[in-house]
Amino acid sequence: MTLLLGIESSCDETAAALVTADRHILAHRVAGQERAHQPYGGVVPEIAARAHVEILPRLVEEVFEEAGLEVADVDAIAATAGPGLIGGVMVGLLMAKGLAFAARKPLVALNHLEAHALSPMLSQPDLAFPYLLLLVSGGHCQLLSVEGVGRYRRLATTIDDAAGEAFDKSAKLLGLGYPGGPAVEACAEAGDRHAVLLPRPLAGSGEPHFSFAGLKSAVLRARDSGLHRPEDIAASFQQAVVDCLVDRTRLALGRAPGATALVAAGGVAANQAIRGALAALAAEHGLPFVAPPLWLCTDNAAMIAWAGALRYEAGLVDGLDVPARARWPLDPEAEKARGAGVKA
Ligand code: KG4
Ligand code: ZN
């Protein structure tokens, strides 16, 4: 059975995993760097890259030890080659190149977004192409029609902040710390989601794109008004994000006929309020709702090894001269969203 080593280092998680093409996760490790970045309220790229250099070799050793295997036993080595923080991407990709070179194994240079997009198939064996994917992470907010390995049609993207970025920035504004998503979700539990009137940017517009910058500014104004408890602002913010995601996804469902399921992936898909609302939306359309388990939603290397196995089996391998890419659209043919790049 095809076996891949996967390596992930594109943001602040260092990870390694061994996964087979028939979905056996033989071993996986994720080392977060929260404590290193906490004092800065966000990921510091240089600190992240240096941490990957120190942590990654040990994690790779550990997964081989746990599985009782060695590099010679894998069929190929997969690593994130972008998009992401370029210093970190280079660390993981170069480690993968070194191993591939020394062990004479093929290299699979993966688009990190592709790994998120295919990750639901690792936990859900009966999920079939095509499916509509809402990819919501710290760096991305996209709706994609996932039509096959290497075949993705982008239906929507954010014109300013990503959903996770909105959570992280709002958490910072509310003094909830980093990482912001789980902190906002926890704080929101004690709040009233109808307490603070916040905008739903782009909701109702005819293109299914997203915008979150205005929402973040509204959180700042609500905080500075001194009229609201942080719990109420957090709950109202989360509800506004939920409403925007649902509204935009509903529109995209109309543009993805034949979709077999509504799927959510990426770190923000760990949010229970978002999962609940998307499950209800899918039910409305008579579709199953699929979301990977929480640990597979946030950055990890099992999804890299898994997507690597699918690409390897499709004959999609890369040379040792493959570049590391800070930017790398999954659907290069997607048109630029109108207003994209304009931040409020
Ligand atoms: O996919 P991911 O681990 O990393 C990338 O950005 O690629 O996503 C991280 C993002 C962060 O912005 C984090 O705040 C957000 O996912 N996140 C959440 C939750 N858990 C993580 N956002 C909302 N609710 C959560 N429970
Ligand atoms: Zn990610």
Side-chain angles (χ1 to χ4, degrees), residues 6-15 17 30-34 37-38 41-43 45 48 52 79-86 88-89 92 110-120 133-142 144 157-158 161-174 176-189 191 193 210 212 215-216 219 234-235 237-242 244-245 263-278 291-304 306-307 326-328 330:
I7 290 174
E8 163 58 33
S9 62
S10 64
C11 192
D12 61 339
E13 260 94 24
T14 318
V30 183
Q33 307 173 1
E34 278 90 2
H37 301 285
Q38 225 146 28
V43 179
H52 293 309
T80 293
L85 302 174
I86 194 67
V89 171
L110 268 174
N111 185 312
H112 179 85
L113 302 176
E114 176 170 35
H116 275 302
L118 297 173
S119 66
L133 173 76
L134 174 64
L135 177 57
V136 271
S137 72
H140 300 275
C141 187
Q142 304 193 346
L144 295 157
T157 188
T158 179
D161 292 345
E165 206 177 346
F167 269 97
D168 293 333
K169 288 177 176 172
S170 296
K172 202 169 176 180
L173 291 173
L174 297 174
L176 299 177
Y178 167 85
V184 169
E185 183 171 21
C187 180
E189 265 176 45
R193 63 201 165 100
F210 300 92
F212 293 106
L215 186 51
K216 171 197 66 192
V219 165
F237 163 80
Q238 183 170 276
Q239 187 59 43
V241 174
V242 165
C244 291
L245 294 178
V263 178
V268 182
N271 185 286
Q272 293 301 330
I274 292 172
R275 285 169 104 94
L278 292 172
L294 299 188
W295 74 268
L296 203 51
C297 275
T298 50
D299 284 350
N300 66 85
M303 69 177 188
I304 304 298
W306 164 248
R327 290 177 180 275
W328 187 0
L330 201 46

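Note that ligands are numbered from 1 as they come in the structure, with each ligand's atoms numbered from 1 the same way. In this chain, residues are counted from 1 in sequence order.
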Notebook entry, point to check: Is the backbone N or O of Ser9 less than 3.5 Å from a side-chain atom of Thr14, with the two atoms forming a donor-acceptor pair by type?
Noted result: no
Check: Given Arg275 and Leu294, is the side-chain contact (heavy atoms from CB on, under 4.5 Å) satisfied, shown in steps?
Finding: CA-CA 11 Å; Arg275 285 169 104 94; Leu294 299 188; 3.2 Å; yes
Margin query: As an exercise, identify every atom of ligand 1 less than 4.0 angstrom from a heavy atom of Gly164.
Written below: 12 (O)
Next item on the list: Can you figure out which of Leu113, Asp299, Val136, Asn300 has its heavy atom closest to atom 2 (P) of ligand 1?
Entry: Asp299
Notebook entry, point to check: Quick one: nearest non-hydrogen protein atom to atom 10 (C) of ligand 1, plus distance?
Noted result: Gly138 N, 3.4 Å
Margin query: For ligand 1 and Pro179, I'd like to know whether there is a polar contact (N/O to N/O, distance under 3.5 Å).
Written below: no
Check: Which residue and non-hydrogen atom of the protein lie closest to atom 14 (O) of ligand 1, and at what distance in Å?
Finding: Asp168 OD1, 2.7 Å
Margin query: Between ligand 1 and Glu185, is the shortest N or O to N or O distance under 3.5 Å?
Written below: yes
Notebook entry, point to check: What do we get for Gln272 next to ligand 1 when only non-hydrogen atoms under 4.0 Å count, side chain, backbone, both or neither?
Noted result: neither
Next item on the list: Compute the shortest N/O to N/O distance between Glu13 and ligand 1 and return yes if it is under 3.5 Å, no if not.
Entry: no
Item checked: Nearest non-hydrogen protein atom, atom 23 (C) of ligand 1 -> Gly181 CA, 3.5 Å
Next item on the list: Return the set of protein N, O or S atoms whose distance to the Zn ion (ligand 2) is under 2.8 Å, each given as residue and atom.
Entry: His112 NE2, His116 NE2, Asp299 OD1
Check: Rounded to the nearest 0.5 Å, how far does CD of Glu114 lie from CG of Leu330?
Finding: 6.0 Å
Note to self: Looking at every non-hydrogen atom in both residues, tell me the closest pair between Ala183 and Leu176 and how far apart they are.
What the structure shows: CB-O, 3.5 Å
Next item on the list: Work out which heavy atom in Ala117 is nearest to a heavy atom in Pro120; give both atom names and the distance.
Entry: O-CD, 3.3 Å
Notebook entry, point to check: Where is the tightest heavy-atom contact between Cys141 and Val136, given as atom of each residue plus distance?
Noted result: SG-CG1, 3.8 Å
Checklist line | Nearest atoms (heavy-atom pairs only) where Asp299 meets Ser10 | finding: OD2-OG, 4.4 Å
Notebook entry, point to check: Which of the atoms in ligand 1, numbered in the order shown and given with their element, are less than 4.0 Å from a heavy-atom of Ser137?
Noted result: 1 (O), 5 (C), 6 (O), 7 (O), 8 (O)
Next item on the list: With heavy atoms only and a cut-off of under 4.0 Å, state how Asn271 meets ligand 1: side chain, backbone, both or neither.
Entry: both
Notebook entry, point to check: What do you reckon, does Phe167 have a nitrogen or oxygen under 3.5 Å from a nitrogen or oxygen of ligand 1?
Noted result: no
Margin query: Run the side-chain contact (heavy atoms from CB on, under 4.5 Å) test on Lys172 and Val219 for me, step by step, so that the C-alpha distance in whole Å, both residues' side-chain angles and the decisive distance to 0.1 Å come before the verdict.
Written below: CA-CA 11 Å; Lys172 202 169 176 180; Val219 165; over 6 Å; no
Note to self: Heavy atom to atom 21 (C) of ligand 1, shortest distance: which of Gly180, Cys297, Ala188, Gly267 holds it?
What the structure shows: Gly267
Checklist line | Backbone N/O of Pro83 and side chain of Arg327: donor-acceptor pair under 3.5 Å | finding: no
Check: Got Asn300 and Glu8 here, is their nearest side-chain heavy-atom distance under 4.5 Å?
Finding: no
Note to self: Apply side-chain contact (heavy atoms from CB on, under 4.5 Å) to residues Gln238 and Phe167 and explain how you reach the verdict.
What the structure shows: CA-CA 8 Å; Gln238 183 170 276; Phe167 269 97; 4.1 Å; yes
Margin query: Please find the pair of heavy atoms, one from Val241 and one from Phe212, that lie closest to each other, and give the distance.
Written below: CG1-CE2, 4.2 Å
Note to self: Check contact between His140 and ligand 1, using heavy atoms of the residue and a distance below 4.0 angstrom.
What the structure shows: no
Check: Does Gln238 come within less than 4.0 angstrom of ligand 1, counting non-hydrogen atoms of the residue?
Finding: no
Item checked: Test item, Gly139 contacting ligand 1 (heavy atom, 4.0 angstrom) -> yes
Check: Considering only protein heavy atoms, which is closest to atom 15 (C) of ligand 1, and at what distance to one decimal place?
Finding: Val268 CG2, 3.9 Å
Notebook entry, point to check: Which of parallel (below 30°), tilted (30 to 60°) and perpendicular (above 60°) describes His112 and His116?
Noted result: perpendicular
Item checked: Rounded distance [0.5 Å steps], CE in Met303 versus CG in Leu110 -> 9.0 Å
